[in-house]
Amino acid sequence: MILSQSEPAEESYERAWAYYRAGNYARCRELADRLLADHGADDAGLTLKGMALAELDQPEEAIEAFRLAVQIRPDNEEAWAQLGTALVTEGHLAEAAESFRAALRIRRDNHRAMVDLANVLYILGQVNEAIATLEEARRTRRGDLGILRNLAEMYASDGQSEKALATTLEILDLQPGDVLARCDAAWLLLALNRPDEAGEMFRSLRRTDPEQDHELYAIHGLVIVEIRRRDWRRALNLAIEATRLDRYDFTTALLAYISSRLFDQQCAVTENELNDRFELEHREHRRLHAEAVV
């Protein structure tokens with residue numbers, strides 16, 4: 001259906017939005033163009049056109065539409081935020097940060113713009129400002145699991161393990177069955193040299209895992225806990241238990257190291273190497289389950 005020149009602008013705009021919500025971005029862009037041609041350039045139509053172009057993987061044209069929108073109406077918060085997102089896609093991070101800041105000057109509690117700004121700032125190396133921005137988003141949207149996960153990851157990658165753990169435990173308070181948060185909490189407790197609490201977290205991960213997706217990871221974690229405690233017998237029993245699921249690679253290395261400590265023998269594997277290999281296992285395990293959460 002072709003938009004007639006006599007159709008009121010409001011009806012044209014609503015039809016274009018309906019196509020956007022339905023995922024028909026090409027039709028949305030077509031109607032937005034006709035709306036702009038028939039009724040003159042306006043920020044709402046340009047913003048919608050830019051959003052459709054972004055979905056159609058035409059970021060340069062989307063950026064142009066958003067820039068025109070904010071020129072026409074500098075207080076268009078949505079256009080500034082969308083401009084920032086499009087600029088990130090094209091790698092223009094500094095300019096994207098300024099666009100997100102512009103959106104926030106219009107509405108200080110725009111949590112989406114805060115999160116986007118924080119992530120851009122972090123990539124740009126402005127870590128303190130990035131974390132402060134995410135903390136403000138956290139205060140604005142209390143209990144938002146996405147913001148909490150983002151903040152916990154940022155604290156952890158910046159080496160602020162205590163704050164990362166506190167934020168991760170907040171996620172568990174809100175969502176006790178969150179296995180990704182349990183994986184993170186167990187790992188952070190190990191990093192903070194709190195093996196007793198880490199052991200309980202790994203055991204709780206096993207209890208909340210009836211399909212055993214986390215079984216091997218949790219047992220390996222418990223072995224590392226017992227190595228930290230220097231309880232070689234318990235470590236050996238757990239490593240033997242792990243052979244039910246894996247008889248190669250990391251499990252074998254754990255068995256070799258524990259046996260060498262029990263029988264006072266030389267071992268080609270060091271404890272530091274075991275810790276490094278468990279860190280790799282944690283990262284891969286976390287990546288897979290983070291994708292499932294998304």
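Predicted, not measured: the structure shown is a model, and the values here were computed from it.
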Task: Pair Tyr217-Glu281, side-chain hydrogen bond (donor to acceptor under 3.5 Å, both in side chains): steps then yes or no - done: CA-CA 7 Å; Tyr217 168 76; Glu281 181 179 11; over 6 Å; no
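The existence of a salt bridge linking Arg283 and Glu279 is confirmed by a sub-4.0 Å separation between a basic side-chain nitrogen and an acidic carboxylate oxygen. In this structure, Asp178 does not pair ionically with Arg182, as no charged nitrogen and carboxylate oxygen lie closer than 4.0 Å.
In this structure, Glu60 places its CD atom where only 12 or fewer heavy-atom neighbours from other residues, nucleotides or ligands lie under 6.0 Å away. Heavy atoms of other residues, nucleotides or ligands lying less than 6.0 angstrom from CZ of Arg73 number more than 12. Within 6.0 Å of atom CZ in Arg233, 12 or fewer heavy atoms from other residues, nucleotides or ligands are found, so the atom counts as exposed in its surroundings.
No donor-acceptor pair closer than 3.5 Å links the side chain of Arg108 to the backbone N or O of Arg105.
Using a 4.5 Å heavy-atom threshold, the side chains of His285 and Phe278 count as separate. In this structure, the side chains of Arg206 and Glu215 come closer than 4.5 Å at one or more pairs of heavy atoms. Looking at Glu135 and Lys163, their side chains never come closer than 4.5 Å, going by heavy atoms from C-beta outward. In this structure, Leu169 and Met201 have side chains that are in contact, with non-hydrogen atoms separated by less than 4.5 Å.
Counting only residues at least two apart or on different chains, the salt bridge (charged side-chain N to carboxylate O under 4.0 Å, His left out) pairs with a member in residues 85-102 are Arg67-Glu95, Glu98-Arg101, Arg101-Glu129. Sorted by first then second residue, the salt bridge (charged side-chain N to carboxylate O under 4.0 Å, His left out) pairs that include residues 219-228, not counting sequence neighbours, are Glu226-Arg229, Glu226-Arg234.
A cation-pi contact, defined as under 6.0 Å to the ring centre and within 45° of the axis, links Arg261 to Tyr257.
Nearest heavy atom pair, residue Ala156 against residue Ala164, reads N-CB, 3.6 Å.
Between the side chains of Thr251 and Asp246, at least one donor-acceptor pair of N or O atoms lies under 3.5 Å.
Checking Leu151, Val120, Ile147 one by one against Val115, the side-chain contact (heavy atoms from CB on, under 4.5 Å) holds for a single residue, Ile147.
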